[in-house]
Amino acid sequence: MVSMTNKQIAAVLDEIADLLQLKGDVFRERAYREASRRLDMLSQQAAELYAAGKLHSIPGIGKSMEGHIAELLETGRSQRYEELKKEFPTGLLELLQVPGLGPKRARKLYEELDITNLAELERAAKEHRLHSVPGMGEKTEANILRALERRLTRGRRLLLGVALPAAEQVAGLLRGHPAVAAAEPAGSIRRRLETIGDIDILVASTQPKAVMEAIIHLPIVKEVLAAGPTKTSVLNPDDLQIDVRVIDPSTYGAALQYFTGSKQHNIHLRDIAIRKGYKVSEYGIFKEPGDHRVGGEKEEDIYRVLGMDIMPPEIREDTGELEAALEHRLPTLVELSDIQGDLHCHTDWSDGVDPLETMASAARALGYRYLAITDHSRGLGVAHGLSIERLREQRHLIDEFNERSPDLHVLFGTEVNIKSDGNLDYEDEVMAQFDIVTASVHGGFNQDRDTITKRILRAVRSPYVDIIGHPTGRLINARDPYDVDLEAVMRECAKCEVAMEINSSPERLDLNDVHCRQAKELGVMVAINADAHVAAHLNFMRYGVYTARRGWLEKKNVLNTLPFDELRARLRTRRQKRG
DNA sequence: GCCGTTTTCGGCCCGACTGTTTTCAGTCG
């Protein structure tokens, strides 16, 4: 059997969907697209499910699709895919990336003008040959040319940690305006996706004109890109584009539901509505026949009328939340206020900026009852890792601090490096002295799957390790995760009662949302940590909580929701059991 | 290609906008 990962299979199915799109076979395209998405999110290996004969029990994967996936698993190829590829030149799919160009026009351009890639499209547009195609005029040609020029400068998706504060700032300013009844960021920001395409803010008001006028004059607006009667686009001082839409208060709930998405969630929701004799749009929910409105002022109207519990935006991804809402078995997601402390941060003793006292004050201000100081270990020279001697001094400092701090407990910890051979950076006698240990990979990212998996498994089996830090090492938009068999690590963590971290730093969010859900299913505890290197970054905690919520985690799945006494007892008994 | 509390056949989200056209096709979110 050829070993293909879920991601690889999903990629092939997605390419088949692309080709079907060119053919105009929209429903098959959707079926392949959906199957690809399901595989991509799947926490188990498709190969295992296939071996167990359970592939077609995944929603969106039927008998035929199971056959295609089986062929890929067994031969590494797909006949359907090979045949489709022969029908069109490879460059043709590039055309679909151009805004304004869909499958119909792309195909027409190929058939009428023999255009097979972006370069040829650009040349034809400049030579004014496009408008000779029926249905394409001067304006279409100009728009395509403009899109082609812009395409080169289009940036990547924004980190939530950048987009959310910017959106909240604008929404907050708008809420202060007398004509504004409500204002909040919608779209992927509201769902707390790790990266964001567009910043969309919805405003409820009966006076759109006044609101539009107010936006233009907000102090944080650097430039106005477009100002229409109900939608305005502006740039903030960091050149982030923010779109603001004004909605009549009577349809604000329906609009908020619609603009929050996800697209897949909305499609499925509307499908359920049809089956129950309703129609859902951004203007409300309507009862058939006669289309009279039965709700839409409040967001929960839409769900309530359909017999569902309303679910938090974070899980509106069409991964089972609608079914759960219908059956009244939605999880109660963990909340920021459940967090009792932070188990991973750095001080000026290693590569942090602030001293212990400053970090502790900041933790206290957040209402935490404990904070683990986990500076880097000896071997990590670039981060001023702590020698045995300096560890002893730091322990002393922390003991002293705890004597005069009745409300906040500081734990003496370490972020010990997992060396490339799988050994930890301190000897067992040293490890035994910490209150808490997080073990992380900081180098040797390119090891092959088997090597790096075994390496991390060794760390998990150490009786002194409590948490595996940033378990995949990815940096969003910057560095791919290392090729670790995360499921194997999770199973071992469950067995050894080792927690896995959600590193809350906005460029990490590692574990990610899909991993979190898998961890929950496998019975792995998760620790949500800010990995702060400066006091202000303790506030990153909320991004980790969002990720946990996107992964359906509840309070009981999260280690640092425990009160201090229970946490300490848990760490101690575990150590005794395994040490 | 998937799916079923109207269906194993005949559906598959909904509305806005744009540009090209005289009533609509294509694209987008």
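Any value given below was found using the heavy atoms of this structure, including those in side chains, with hydrogens, waters and symmetry copies removed.
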Sugar-phosphate only, base, or nothing, as touched by A:E138 at under 4.0 Å among non-hydrogen atoms: sugar-phosphate
B:dT7 to B:dG11 separation - C1' atoms, rounded to the nearest Å: 9 Å
Start and end of chain A contact along DNA chain B [non-hydrogen atoms, under 4.0 Å]: B:dG1 to B:dG29
Tell me which donor-acceptor pairs under 3.5 Å the side chains of residues 200-207 of chain A have, and how far apart each pair is, sequence neighbours excluded?
from, atom 1, to, atom 2, distance (Å)
A:S205, OG, A:A179, O, 2.6
A:S205, OG, A:Q207, N, 2.9

Whole-Å C1' distance, B:dC28 and B:dC13: 14 Å
Touch class at under 4.0 angstrom, heavy-atom based, for A:L20 against every strand present: nothing
Check ion pair A:E168-A:R190 (N to O, under 4.0 angstrom): no
Spatial distance of atom CG (A:N512) from atom CZ (A:R550) [nearest 0.5 Å]: 9.5 Å
Sugar-phosphate, base or nothing in reach of A:K276, heavy atoms under 4.0 Å: nothing
Span that lies between the P atom of B:dT20 and that of B:dA25, in whole angstrom: 16 Å
A:Y32 and A:H68 aromatic centres sub-6.0 Å: yes
B:dG1 and B:dT5, which share atom name C1', separated by this distance in whole Å: 24 Å
Sugar-phosphate only, base, or nothing, as touched by A:V280 at under 4.0 Å among non-hydrogen atoms: sugar-phosphate
More than 12 heavy atoms of other groups within 6.0 Å of A:E87 CD: yes
Ring geometry between A:H128 and A:H131 (parallel below 30°, tilted from 30 to 60°, perpendicular above 60°): tilted
Sugar-phosphate only, base, or nothing, as touched by A:Y32 at under 4.0 Å among non-hydrogen atoms: sugar-phosphate
Distance, C1' atom - from B:dT8 to B:dC3, rounded to whole angstrom: 9 Å
Sugar-phosphate, base or nothing in reach of A:K263, heavy atoms under 4.0 Å: base
Touch class at under 4.0 angstrom, heavy-atom based, for A:L101 against every strand present: sugar-phosphate
Side-chain donor-acceptor pair present, A:S43, A:E521, cut-off under 3.5 Å: yes
B:dG29 versus B:dT23 - spacing of their C1' atoms, nearest Å: 25 Å
Pairwise P distance for B:dG26 and B:dT21, with rounding to whole Å: 13 Å
Sugar-phosphate, base or nothing in reach of A:E34, heavy atoms under 4.0 Å: nothing
Touch class at under 4.0 angstrom, heavy-atom based, for A:H68 against every strand present: sugar-phosphate
Identity of whatever pairs with B:dT8 - Watson-Crick or G-U, under 3.5 angstrom: none
Set of residues satisfying ring-ring contact (aromatic ring centres under 6.0 Å, His included) with respect to A:H515, sequence neighbours excluded: none
5' priority, DNA chain B, between A:D198 and A:G277 [closest heavy atom]: A:G277
Sugar-phosphate only, base, or nothing, as touched by A:R80 at under 4.0 Å among non-hydrogen atoms: sugar-phosphate
Residue whose closest nucleotide on DNA chain B lies nearer the 5' end, A:G135 versus A:R105: A:G135
Gap in Å between the two P atoms, one belonging to B:dC9 and one to B:dC14, rounded: 25 Å
Anti/syn call for B:dT5, syn if |chi| within 90°: anti
